[in-house]
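Structure first, commentary second.
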Protein chains: 2
Amino acid sequence: MTVESIQHQSVVDLLEARLREDILRGRHTPGTLLPPERELAAGYGVTRTTLKHALSRLEQAGMVSTRHGIGTRVRDFLRVGGADLLPMLASQDSGWLVEIFEVRRHIGSLIARRAATRRTARQSRRLAELLEAVAAAPDADAAQLADVEVHRELARATGNRVYLLLTNTLFNAYMPVRRALCAPFEDPAKAAARLDPVVRAVIDRRPQDAERAAERYLRETEKLMLGALDKANQAHAIR
Amino acid sequence: MTVESIQHQSVVDLLEARLREDILRGRHTPGTLLPPERELAAGYGVTRTTLKHALSRLEQAGMVSTRHGIGTRVRDFLRVGGADLLPMLASQDSGWLVEIFEVRRHIGSLIARRAATRRTARQSRRLAELLEAVAAAPDADAAQLADVEVHRELARATGNRVYLLLTNTLFNAYMPVRRALCAPFEDPAKAAARLDPVVRAVIDRRPQDAERAAERYLRETEKLMLGALDKANQAHAIR
DNA sequence: GCGGAACGGTGGCTCAGCCACTGGTCCGCA
DNA sequence: TGCGGACCAGTGGCTGAGCCACCGTTCCGC
(Lines give C-alpha, C1' and ligand atoms only; values in the text may rest on other atoms or scores of the structure.)
Protein backbone atom coordinates (compact mmCIF):
# COMPACT_ATOMS: atom_id res chain seq x y z
CA MET A 1 0.00 0.00 0.00
CA THR A 2 1.59 3.20 -1.11
CA VAL A 3 1.43 6.50 0.64
CA GLU A 4 -0.55 8.37 -1.95
CA SER A 5 -3.32 5.82 -2.26
CA ILE A 6 -4.91 6.83 1.02
CA GLN A 7 -5.35 10.54 1.03
CA HIS A 8 -6.47 12.12 4.21
CA GLN A 9 -8.99 14.55 2.88
CA SER A 10 -9.05 17.37 5.33
CA VAL A 11 -12.07 19.60 5.66
CA VAL A 12 -10.30 22.31 3.71
CA ASP A 13 -9.44 19.85 0.95
CA LEU A 14 -13.01 18.69 0.67
CA LEU A 15 -14.35 22.21 0.79
CA GLU A 16 -11.94 23.32 -1.88
CA ALA A 17 -12.92 20.42 -4.09
CA ARG A 18 -16.57 21.16 -3.59
CA LEU A 19 -16.24 24.85 -4.34
CA ARG A 20 -14.22 24.03 -7.42
CA GLU A 21 -16.82 21.57 -8.55
CA ASP A 22 -19.61 24.05 -8.00
CA ILE A 23 -17.72 26.54 -10.11
CA LEU A 24 -16.81 24.08 -12.84
CA ARG A 25 -20.38 22.83 -12.99
CA GLY A 26 -21.57 26.37 -13.50
CA ARG A 27 -23.30 26.86 -10.19
CA HIS A 28 -21.25 30.02 -9.82
CA THR A 29 -20.93 31.71 -13.19
CA PRO A 30 -17.59 33.23 -14.23
CA GLY A 31 -17.64 36.99 -13.82
CA THR A 32 -20.16 37.03 -11.02
CA LEU A 33 -19.54 37.62 -7.34
CA LEU A 34 -19.65 34.71 -4.96
CA PRO A 35 -22.00 35.10 -1.99
CA PRO A 36 -20.43 36.84 1.03
CA GLU A 37 -17.99 34.70 2.99
CA ARG A 38 -20.14 34.59 6.10
CA GLU A 39 -23.09 33.38 4.08
CA LEU A 40 -21.06 30.93 2.01
CA ALA A 41 -19.42 29.50 5.13
CA ALA A 42 -22.81 28.97 6.74
CA GLY A 43 -24.05 27.33 3.56
CA TYR A 44 -21.24 24.79 3.54
CA GLY A 45 -21.43 24.36 7.31
CA VAL A 46 -17.88 25.51 8.05
CA THR A 47 -16.23 28.43 9.76
CA ARG A 48 -15.36 31.51 7.83
CA THR A 49 -11.70 30.88 8.61
CA THR A 50 -11.84 27.45 7.01
CA LEU A 51 -13.71 28.81 4.02
CA LYS A 52 -11.06 31.45 3.61
CA HIS A 53 -8.35 28.81 3.51
CA ALA A 54 -10.16 27.09 0.68
CA LEU A 55 -10.87 30.34 -1.17
CA SER A 56 -7.28 31.38 -0.75
CA ARG A 57 -6.15 28.26 -2.57
CA LEU A 58 -8.65 28.75 -5.35
CA GLU A 59 -7.45 32.29 -5.70
CA GLN A 60 -3.87 31.18 -6.06
CA ALA A 61 -4.98 28.66 -8.64
CA GLY A 62 -6.50 31.54 -10.59
CA MET A 63 -10.12 30.43 -10.34
CA VAL A 64 -11.38 33.33 -8.25
CA SER A 65 -10.11 36.77 -7.36
CA THR A 66 -10.84 38.45 -4.08
CA ARG A 67 -10.97 42.17 -3.38
CA HIS A 68 -11.18 43.67 0.06
CA GLY A 69 -14.47 45.41 0.65
CA ILE A 70 -15.94 44.14 -2.60
CA GLY A 71 -16.17 40.40 -2.61
CA THR A 72 -14.89 37.32 -4.36
CA ARG A 73 -15.36 37.11 -8.09
CA VAL A 74 -15.29 33.93 -10.18
CA ARG A 75 -12.66 34.35 -12.86
CA ASP A 76 -12.97 33.18 -16.42
CA PHE A 77 -10.25 30.65 -15.75
CA LEU A 78 -10.35 29.00 -19.18
CA ARG A 79 -9.36 32.36 -20.60
CA VAL A 80 -6.70 33.48 -18.17
CA GLY A 81 -5.84 30.36 -16.19
CA GLY A 82 -2.56 28.50 -16.42
CA ALA A 83 -1.66 24.87 -16.92
CA ASP A 84 -1.78 24.26 -13.18
CA LEU A 85 -5.56 23.99 -13.57
CA LEU A 86 -5.11 20.80 -15.57
CA PRO A 87 -5.11 18.32 -12.69
CA MET A 88 -8.52 19.43 -11.52
CA LEU A 89 -9.92 19.80 -15.00
CA ALA A 90 -8.70 16.35 -15.98
CA SER A 91 -10.19 14.68 -12.94
CA GLN A 92 -13.45 16.46 -13.61
CA ASP A 93 -13.87 15.61 -17.28
CA SER A 94 -11.92 12.94 -19.13
CA GLY A 95 -12.26 14.86 -22.40
CA TRP A 96 -9.29 16.85 -21.21
CA LEU A 97 -7.12 13.74 -21.19
CA VAL A 98 -7.25 13.43 -24.95
CA GLU A 99 -6.07 16.98 -25.35
CA ILE A 100 -3.39 16.59 -22.70
CA PHE A 101 -2.02 13.52 -24.44
CA GLU A 102 -1.88 15.30 -27.76
CA VAL A 103 0.13 18.15 -26.33
CA ARG A 104 2.29 15.71 -24.40
CA ARG A 105 3.07 13.97 -27.69
CA HIS A 106 4.06 17.18 -29.44
CA ILE A 107 6.15 18.49 -26.60
CA GLY A 108 7.62 15.10 -25.78
CA SER A 109 8.96 14.87 -29.33
CA LEU A 110 10.40 18.34 -29.07
CA ILE A 111 12.10 17.41 -25.82
CA ALA A 112 13.55 14.20 -27.21
CA ARG A 113 15.02 15.99 -30.21
CA ARG A 114 16.56 18.65 -28.08
CA ALA A 115 17.82 16.18 -25.48
CA ALA A 116 19.62 14.32 -28.25
CA THR A 117 21.67 17.39 -29.07
CA ARG A 118 22.26 18.59 -25.55
CA ARG A 119 22.47 15.62 -23.22
CA THR A 120 25.63 15.25 -21.13
CA ALA A 121 27.52 12.01 -20.60
CA ARG A 122 26.24 11.85 -17.06
CA GLN A 123 22.66 12.18 -18.26
CA SER A 124 23.20 9.40 -20.79
CA ARG A 125 24.28 7.08 -18.02
CA ARG A 126 21.35 8.12 -15.88
CA LEU A 127 18.90 7.53 -18.72
CA ALA A 128 20.25 4.03 -19.25
CA GLU A 129 19.90 3.30 -15.54
CA LEU A 130 16.35 4.62 -15.38
CA LEU A 131 15.36 2.57 -18.42
CA GLU A 132 16.70 -0.50 -16.62
CA ALA A 133 14.55 0.41 -13.67
CA VAL A 134 11.45 0.39 -15.85
CA ALA A 135 12.24 -3.10 -17.14
CA ALA A 136 12.94 -4.31 -13.62
CA ALA A 137 9.77 -2.87 -12.09
CA PRO A 138 7.81 -5.46 -10.10
CA ASP A 139 4.37 -4.30 -11.20
CA ALA A 140 2.49 -1.89 -13.48
CA ASP A 141 2.34 0.77 -10.83
CA ALA A 142 6.08 0.86 -10.23
CA ALA A 143 6.73 0.70 -13.98
CA GLN A 144 4.51 3.72 -14.55
CA LEU A 145 6.41 5.72 -11.95
CA ALA A 146 9.76 4.59 -13.32
CA ASP A 147 8.61 5.63 -16.79
CA VAL A 148 7.86 9.09 -15.48
CA GLU A 149 11.40 9.30 -14.14
CA VAL A 150 12.82 8.53 -17.57
CA HIS A 151 10.81 11.34 -19.09
CA ARG A 152 11.85 13.71 -16.34
CA GLU A 153 15.48 12.92 -17.09
CA LEU A 154 14.87 13.46 -20.81
CA ALA A 155 13.44 16.87 -20.00
CA ARG A 156 16.44 17.59 -17.81
CA ALA A 157 18.74 16.61 -20.66
CA THR A 158 17.40 19.44 -22.80
CA GLY A 159 19.44 21.76 -20.60
CA ASN A 160 16.34 23.93 -20.26
CA ARG A 161 14.75 23.80 -16.84
CA VAL A 162 11.44 25.06 -18.18
CA TYR A 163 10.99 21.82 -20.08
CA LEU A 164 11.32 19.94 -16.84
CA LEU A 165 8.66 22.06 -15.18
CA LEU A 166 6.39 21.69 -18.19
CA THR A 167 6.82 17.93 -18.15
CA ASN A 168 5.97 17.91 -14.46
CA THR A 169 2.86 19.95 -15.15
CA LEU A 170 1.62 17.54 -17.78
CA PHE A 171 2.36 14.55 -15.56
CA ASN A 172 0.67 16.16 -12.59
CA ALA A 173 -2.36 16.57 -14.81
CA TYR A 174 -2.96 12.87 -14.99
CA MET A 175 -1.45 11.81 -11.71
CA PRO A 176 -4.85 12.00 -9.98
CA VAL A 177 -6.28 9.54 -12.51
CA ARG A 178 -3.16 7.53 -13.24
CA ARG A 179 -4.59 4.33 -11.76
CA ALA A 180 -6.96 4.12 -14.71
CA LEU A 181 -4.08 4.61 -17.14
CA CYS A 182 -1.56 1.96 -16.17
CA ALA A 183 -2.46 -0.39 -19.02
CA PRO A 184 0.74 0.30 -21.01
CA PHE A 185 2.81 -0.82 -18.04
CA GLU A 186 1.17 -4.15 -17.25
CA ASP A 187 4.22 -5.80 -18.79
CA PRO A 188 7.19 -3.69 -17.61
CA ALA A 189 9.63 -5.42 -19.94
CA LYS A 190 7.52 -4.53 -22.98
CA ALA A 191 7.12 -0.97 -21.74
CA ALA A 192 10.87 -0.66 -21.45
CA ALA A 193 11.28 -2.11 -24.93
CA ARG A 194 8.93 0.50 -26.38
CA LEU A 195 10.86 3.23 -24.63
CA ASP A 196 14.25 1.87 -25.61
CA PRO A 197 14.54 3.45 -29.10
CA VAL A 198 13.97 6.91 -27.63
CA VAL A 199 16.65 6.56 -25.00
CA ARG A 200 19.04 4.96 -27.46
CA ALA A 201 18.62 7.75 -30.02
CA VAL A 202 19.21 10.38 -27.35
CA ILE A 203 22.31 8.62 -26.08
CA ASP A 204 23.63 8.26 -29.64
CA ARG A 205 22.93 11.93 -30.35
CA ARG A 206 20.53 11.31 -33.22
CA PRO A 207 18.02 14.18 -32.88
CA GLN A 208 15.77 13.26 -35.80
CA ASP A 209 15.51 9.64 -34.74
CA ALA A 210 14.91 10.67 -31.16
CA GLU A 211 12.05 12.92 -32.21
CA ARG A 212 10.43 10.22 -34.31
CA ALA A 213 10.94 7.53 -31.71
CA ALA A 214 9.40 9.75 -29.03
CA GLU A 215 6.46 10.58 -31.25
CA ARG A 216 5.93 6.90 -31.87
CA TYR A 217 6.37 5.86 -28.26
CA LEU A 218 3.95 8.51 -27.04
CA ARG A 219 1.40 7.61 -29.68
CA GLU A 220 1.49 3.94 -28.73
CA THR A 221 1.31 4.62 -25.01
CA GLU A 222 -1.54 7.03 -25.51
CA LYS A 223 -3.45 4.49 -27.56
CA LEU A 224 -3.08 1.85 -24.88
CA MET A 225 -4.13 4.26 -22.15
CA LEU A 226 -7.17 5.60 -23.90
CA GLY A 227 -8.16 2.14 -25.10
CA ALA A 228 -8.22 0.89 -21.53
CA LEU A 229 -10.11 3.97 -20.46
CA ASP A 230 -12.78 3.47 -23.13
CA LYS A 231 -13.17 -0.13 -22.12
CA ALA A 232 -13.61 0.87 -18.51
CA ASN A 233 -16.13 3.52 -19.45
CA GLN A 234 -18.13 1.07 -21.52
CA ALA A 235 -18.18 -1.46 -18.71
CA HIS A 236 -19.28 1.31 -16.42
CA ALA A 237 -22.00 2.40 -18.81
CA ILE A 238 -23.33 -1.15 -19.17
CA ARG A 239 -23.44 -1.63 -15.47
CA MET B 1 3.43 57.09 3.46
CA THR B 2 1.08 54.36 4.55
CA VAL B 3 0.96 51.48 2.10
CA GLU B 4 2.57 51.18 -1.32
CA SER B 5 0.41 53.55 -3.29
CA ILE B 6 -0.51 51.10 -6.01
CA GLN B 7 -0.03 47.58 -4.77
CA HIS B 8 -2.51 46.17 -2.28
CA GLN B 9 -0.03 43.87 -0.63
CA SER B 10 -1.89 42.18 2.16
CA VAL B 11 -0.05 40.71 5.12
CA VAL B 12 -0.58 37.22 3.74
CA ASP B 13 0.80 38.28 0.36
CA LEU B 14 3.90 39.75 1.92
CA LEU B 15 4.37 36.79 4.20
CA GLU B 16 4.00 34.37 1.31
CA ALA B 17 6.54 36.30 -0.74
CA ARG B 18 8.95 36.37 2.15
CA LEU B 19 8.65 32.67 2.90
CA ARG B 20 9.12 31.91 -0.77
CA GLU B 21 12.17 34.09 -0.93
CA ASP B 22 13.64 32.49 2.17
CA ILE B 23 13.15 29.10 0.56
CA LEU B 24 14.50 30.13 -2.84
CA ARG B 25 17.51 31.76 -1.24
CA GLY B 26 18.25 28.53 0.56
CA ARG B 27 17.45 29.64 4.07
CA HIS B 28 15.20 26.61 4.31
CA THR B 29 16.84 23.71 2.48
CA PRO B 30 14.69 21.40 0.34
CA GLY B 31 13.96 18.17 2.12
CA THR B 32 14.16 19.61 5.60
CA LEU B 33 11.31 20.42 7.94
CA LEU B 34 10.29 24.00 8.47
CA PRO B 35 10.19 25.14 12.10
CA PRO B 36 6.85 24.48 13.86
CA GLU B 37 4.05 26.81 12.84
CA ARG B 38 3.80 28.42 16.26
CA GLU B 39 7.48 29.20 16.24
CA LEU B 40 7.55 30.34 12.60
CA ALA B 41 4.55 32.60 13.14
CA ALA B 42 6.22 34.20 16.13
CA GLY B 43 9.39 34.68 14.11
CA TYR B 44 7.57 36.54 11.35
CA GLY B 45 5.43 38.43 13.85
CA VAL B 46 2.09 37.13 12.63
CA THR B 47 -0.64 34.86 13.94
CA ARG B 48 -0.55 31.17 13.28
CA THR B 49 -3.78 31.53 11.31
CA THR B 50 -2.19 34.05 8.98
CA LEU B 51 0.92 31.94 8.60
CA LYS B 52 -1.23 28.97 7.73
CA HIS B 53 -2.88 30.93 4.94
CA ALA B 54 0.51 31.67 3.45
CA LEU B 55 1.76 28.11 3.90
CA SER B 56 -1.42 26.79 2.38
CA ARG B 57 -0.72 28.75 -0.78
CA LEU B 58 2.88 27.60 -0.93
CA GLU B 59 1.69 24.07 -0.51
CA GLN B 60 -0.70 24.38 -3.40
CA ALA B 61 2.11 25.84 -5.47
CA GLY B 62 4.11 22.70 -4.70
CA MET B 63 6.91 24.36 -2.75
CA VAL B 64 6.18 22.73 0.59
CA SER B 65 4.18 19.74 1.75
CA THR B 66 2.45 19.57 5.08
CA ARG B 67 1.63 16.45 7.06
CA HIS B 68 -0.56 16.44 10.11
CA GLY B 69 1.34 15.61 13.26
CA ILE B 70 4.69 15.74 11.49
CA GLY B 71 5.41 19.17 10.14
CA THR B 72 5.89 21.12 6.95
CA ARG B 73 8.63 19.94 4.64
CA VAL B 74 10.29 22.02 1.95
CA ARG B 75 9.87 20.16 -1.32
CA ASP B 76 12.49 19.84 -3.99
CA PHE B 77 10.33 21.98 -6.20
CA LEU B 78 12.76 22.04 -9.13
CA ARG B 79 12.35 18.29 -9.28
CA VAL B 80 8.62 17.87 -8.80
CA GLY B 81 7.21 21.37 -9.24
CA GLY B 82 5.05 22.44 -12.16
CA ALA B 83 5.18 25.35 -14.56
CA ASP B 84 3.09 27.47 -12.22
CA LEU B 85 6.30 28.11 -10.30
CA LEU B 86 7.66 30.08 -13.25
CA PRO B 87 6.29 33.50 -12.34
CA MET B 88 8.05 33.52 -9.02
CA LEU B 89 11.21 31.95 -10.35
CA ALA B 90 11.39 34.44 -13.21
CA SER B 91 10.95 37.43 -10.95
CA GLN B 92 13.61 36.04 -8.66
CA ASP B 93 16.31 35.34 -11.23
CA SER B 94 16.34 36.67 -14.79
CA GLY B 95 18.30 33.65 -15.98
CA TRP B 96 14.96 31.91 -16.17
CA LEU B 97 13.72 34.36 -18.76
CA VAL B 98 16.17 33.09 -21.36
CA GLU B 99 14.95 29.56 -20.87
CA ILE B 100 11.32 30.61 -20.87
CA PHE B 101 11.76 32.42 -24.16
CA GLU B 102 13.40 29.43 -25.74
CA VAL B 103 10.53 27.16 -24.81
CA ARG B 104 8.07 29.82 -25.84
CA ARG B 105 9.71 29.87 -29.27
CA HIS B 106 9.50 26.13 -29.71
CA ILE B 107 5.95 25.82 -28.51
CA GLY B 108 4.82 28.98 -30.26
CA SER B 109 5.98 27.50 -33.57
CA LEU B 110 4.16 24.28 -32.81
CA ILE B 111 1.00 26.21 -32.05
CA ALA B 112 1.20 28.28 -35.22
CA ARG B 113 1.60 25.20 -37.37
CA ARG B 114 -1.28 23.48 -35.76
CA ALA B 115 -3.48 26.58 -35.80
CA ALA B 116 -2.91 26.82 -39.56
CA THR B 117 -4.48 23.41 -40.07
CA ARG B 118 -7.27 23.72 -37.54
CA ARG B 119 -8.41 27.31 -37.34
CA THR B 120 -12.09 28.04 -38.00
CA ALA B 121 -13.41 30.88 -40.15
CA ARG B 122 -14.51 32.69 -37.05
CA GLN B 123 -11.04 32.43 -35.54
CA SER B 124 -9.51 33.80 -38.74
CA ARG B 125 -11.69 36.88 -38.51
CA ARG B 126 -10.88 37.28 -34.85
CA LEU B 127 -7.14 36.99 -35.52
CA ALA B 128 -7.33 39.70 -38.15
CA GLU B 129 -9.20 41.95 -35.74
CA LEU B 130 -6.73 41.38 -32.94
CA LEU B 131 -3.81 42.09 -35.24
CA GLU B 132 -5.47 45.39 -36.14
CA ALA B 133 -5.72 46.14 -32.45
CA VAL B 134 -1.97 45.72 -32.05
CA ALA B 135 -1.28 48.18 -34.86
CA ALA B 136 -3.77 50.65 -33.41
CA ALA B 137 -2.46 50.47 -29.86
CA PRO B 138 -1.74 53.93 -28.40
CA ASP B 139 1.44 52.94 -26.57
CA ALA B 140 3.91 50.13 -25.97
CA ASP B 141 2.03 48.88 -22.95
CA ALA B 142 -1.26 48.48 -24.81
CA ALA B 143 0.53 46.96 -27.78
CA GLN B 144 2.13 44.35 -25.56
CA LEU B 145 -1.22 43.35 -24.11
CA ALA B 146 -2.83 43.28 -27.56
CA ASP B 147 0.01 41.07 -28.76
CA VAL B 148 -0.72 38.63 -25.97
CA GLU B 149 -4.33 38.46 -27.13
CA VAL B 150 -3.24 37.49 -30.63
CA HIS B 151 -1.17 34.65 -29.24
CA ARG B 152 -4.01 33.52 -27.04
CA GLU B 153 -6.27 33.36 -30.08
CA LEU B 154 -3.62 31.42 -32.00
CA ALA B 155 -3.52 28.93 -29.16
CA ARG B 156 -7.28 28.75 -29.18
CA ALA B 157 -7.20 28.10 -32.93
CA THR B 158 -5.27 24.86 -32.37
CA GLY B 159 -8.54 23.41 -31.15
CA ASN B 160 -6.68 22.07 -28.13
CA ARG B 161 -7.48 23.85 -24.92
CA VAL B 162 -4.29 22.66 -23.28
CA TYR B 163 -2.29 24.84 -25.65
CA LEU B 164 -4.23 27.84 -24.45
CA LEU B 165 -3.49 27.03 -20.83
CA LEU B 166 0.17 26.45 -21.64
CA THR B 167 0.36 29.77 -23.43
CA ASN B 168 -1.20 31.46 -20.44
CA THR B 169 1.32 29.80 -18.15
CA LEU B 170 4.25 31.06 -20.19
CA PHE B 171 2.78 34.55 -20.39
CA ASN B 172 2.05 34.60 -16.69
CA ALA B 173 5.71 33.78 -16.17
CA TYR B 174 6.83 37.10 -17.49
CA MET B 175 3.82 39.18 -16.64
CA PRO B 176 5.38 40.28 -13.33
CA VAL B 177 8.40 41.65 -15.19
CA ARG B 178 6.72 42.65 -18.41
CA ARG B 179 7.43 46.37 -17.91
CA ALA B 180 11.09 45.68 -18.53
CA LEU B 181 10.27 43.77 -21.70
CA CYS B 182 8.12 46.17 -23.70
CA ALA B 183 10.92 47.21 -26.07
CA PRO B 184 9.54 45.27 -29.06
CA PHE B 185 6.29 47.21 -28.80
CA GLU B 186 7.58 50.76 -28.67
CA ASP B 187 6.38 51.13 -32.24
CA PRO B 188 3.03 49.29 -32.36
CA ALA B 189 2.82 49.48 -36.16
CA LYS B 190 6.17 47.73 -36.55
CA ALA B 191 5.20 45.14 -33.98
CA ALA B 192 2.04 44.39 -35.93
CA ALA B 193 4.07 44.18 -39.14
CA ARG B 194 6.36 41.59 -37.57
CA LEU B 195 3.39 39.57 -36.42
CA ASP B 196 1.54 39.87 -39.73
CA PRO B 197 3.20 36.96 -41.59
CA VAL B 198 2.23 34.57 -38.81
CA VAL B 199 -1.41 35.56 -38.79
CA ARG B 200 -1.54 35.60 -42.57
CA ALA B 201 -0.08 32.10 -42.89
CA VAL B 202 -2.55 30.78 -40.34
CA ILE B 203 -5.49 32.40 -42.09
CA ASP B 204 -4.29 31.03 -45.44
CA ARG B 205 -3.86 27.57 -43.95
CA ARG B 206 -0.16 27.28 -44.72
CA PRO B 207 1.15 25.23 -41.78
CA GLN B 208 4.83 25.18 -42.76
CA ASP B 209 4.93 28.90 -43.39
CA ALA B 210 3.06 29.57 -40.18
CA GLU B 211 5.59 27.54 -38.22
CA ARG B 212 8.55 29.33 -39.79
CA ALA B 213 6.97 32.75 -39.46
CA ALA B 214 6.21 32.13 -35.80
CA GLU B 215 9.73 30.91 -35.14
CA ARG B 216 11.09 34.03 -36.80
CA TYR B 217 8.69 36.39 -35.04
CA LEU B 218 9.44 34.90 -31.65
CA ARG B 219 13.16 35.00 -32.27
CA GLU B 220 13.08 38.67 -33.21
CA THR B 221 10.86 39.64 -30.33
CA GLU B 222 13.02 37.70 -27.90
CA LYS B 223 16.14 39.41 -29.20
CA LEU B 224 14.62 42.84 -28.71
CA MET B 225 13.41 41.98 -25.22
CA LEU B 226 16.66 40.51 -23.99
CA GLY B 227 18.67 43.27 -25.66
CA ALA B 228 16.73 45.90 -23.75
CA LEU B 229 17.10 43.87 -20.58
CA ASP B 230 20.87 43.63 -20.97
CA LYS B 231 21.11 47.34 -21.57
CA ALA B 232 19.09 48.03 -18.45
CA ASN B 233 21.24 45.66 -16.44
CA GLN B 234 24.41 47.30 -17.66
CA ALA B 235 23.12 50.76 -16.82
CA HIS B 236 22.19 49.45 -13.44
CA ALA B 237 25.61 47.94 -12.94
CA ILE B 238 27.36 51.18 -13.91
CA ARG B 239 25.31 53.22 -11.55
C1' DG C 1 11.43 -9.16 26.14
C1' DC C 2 7.46 -7.17 24.43
C1' DG C 3 3.11 -4.86 23.66
C1' DG C 4 0.14 -1.30 24.84
C1' DA C 5 -0.66 3.11 27.26
C1' DA C 6 0.72 7.65 28.01
C1' DC C 7 3.06 11.80 26.59
C1' DG C 8 5.00 15.72 24.18
C1' DG C 9 5.01 17.90 19.99
C1' DT C 10 2.93 18.97 15.63
C1' DG C 11 -0.62 20.52 12.35
C1' DG C 12 -6.14 20.94 11.62
C1' DC C 13 -9.96 23.54 12.59
C1' DT C 14 -13.23 26.54 15.13
C1' DC C 15 -14.83 30.56 17.35
C1' DA C 16 -15.77 35.34 18.31
C1' DG C 17 -14.29 39.58 17.46
C1' DC C 18 -12.23 43.70 15.74
C1' DC C 19 -10.05 46.25 11.80
C1' DA C 20 -9.90 48.15 6.99
C1' DC C 21 -11.71 48.85 2.65
C1' DT C 22 -15.58 49.96 -0.67
C1' DG C 23 -19.64 51.92 -2.55
C1' DG C 24 -23.74 54.19 -1.86
C1' DT C 25 -26.64 57.44 0.66
C1' DC C 26 -27.77 61.41 2.85
C1' DC C 27 -27.17 65.80 4.74
C1' DG C 28 -25.57 70.50 4.90
C1' DC C 29 -23.68 74.15 2.50
C1' DA C 30 -23.33 77.20 -1.32
C1' DT D 1 -30.49 73.00 -7.51
C1' DG D 2 -25.91 71.23 -7.42
C1' DC D 3 -22.25 69.33 -5.02
C1' DG D 4 -18.88 67.77 -1.69
C1' DG D 5 -17.99 65.56 2.45
C1' DA D 6 -19.52 62.71 6.36
C1' DC D 7 -21.57 58.70 7.39
C1' DC D 8 -23.10 53.89 7.16
C1' DA D 9 -23.87 49.17 5.94
C1' DG D 10 -21.68 45.41 3.95
C1' DT D 11 -17.61 43.01 2.72
C1' DG D 12 -13.10 40.80 3.22
C1' DG D 13 -8.49 40.88 6.35
C1' DC D 14 -6.50 39.41 10.40
C1' DT D 15 -6.11 38.20 15.27
C1' DG D 16 -5.68 35.29 19.51
C1' DA D 17 -7.09 31.71 22.17
C1' DG D 18 -8.55 27.25 22.32
C1' DC D 19 -9.56 22.53 21.37
C1' DC D 20 -8.99 18.38 18.50
C1' DA D 21 -6.45 14.81 15.71
C1' DC D 22 -2.34 12.77 14.43
C1' DC D 23 2.55 11.11 14.94
C1' DG D 24 6.70 9.20 17.03
C1' DT D 25 8.73 8.12 21.29
C1' DT D 26 9.10 6.63 25.78
C1' DC D 27 8.00 4.09 29.52
C1' DC D 28 5.59 0.95 32.26
C1' DG D 29 3.42 -3.42 33.39
C1' DC D 30 2.89 -7.96 32.14
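Just so it is clear, the model here is predicted, and its values are computed rather than measured.
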Donor-acceptor pair under 3.5 Å, [X] side chain vs [N] base:
| X | N | result |
| --- | --- | --- |
| S10(B) | dC14(D) | no |
| R67(B) | dG11(C) | no |
| R48(B) | dG12(C) | yes |

Name the nucleic acid region contacted by T66(B), choosing base, sugar-phosphate or nothing; use a 4.0 angstrom heavy-atom cut-off, strictly under.
-> sugar-phosphate

Between R38(A) and V11(A), who's closer to the 5' end of DNA chain C by nearest nucleotide?
-> V11(A)

On DNA chain C, check which nucleotide each of H68(A) and G45(A) is closest to and give me the residue with the more 5' one.
-> G45(A)

Could you give the [atom1]-to-[atom2] distance, from [X] to [N], as a whole number of Å?
| X | N | atom1 | atom2 | answer |
| --- | --- | --- | --- | --- |
| E39(A) | dG12(D) | CD | C1' | 14 Å |
| K52(A) | dC19(C) | NZ | P | 17 Å |
| L58(A) | dG12(D) | CG | C1' | 16 Å |
| L14(B) | dG13(D) | CG | C1' | 13 Å |
| L51(A) | dG12(C) | CG | P | 17 Å |
| H53(B) | dG16(D) | NE2 | C1' | 15 Å |

Side-chain donor-acceptor pair under 3.5 Å between N168(A) and Y163(A), yes or no?
-> no

Under 3.5 Å side-chain donor-acceptor pair for N172(B) and T169(B) | no

Non-hydrogen side-chain atoms of T221(A) and F101(A) separated by less than 4.5 Å = no

Under-4.0 Å side-chain N/O to phosphate OP1/OP2 contact, T47(B) with dG16(D) | yes

Out of dG13(D), dC23(D), dG11(C), minimum distance to the side chain of E37(A) belongs to dG13(D)

Salt bridge R18(A)-E21(A), side-chain N to carboxylate O under 4.0 Å | no

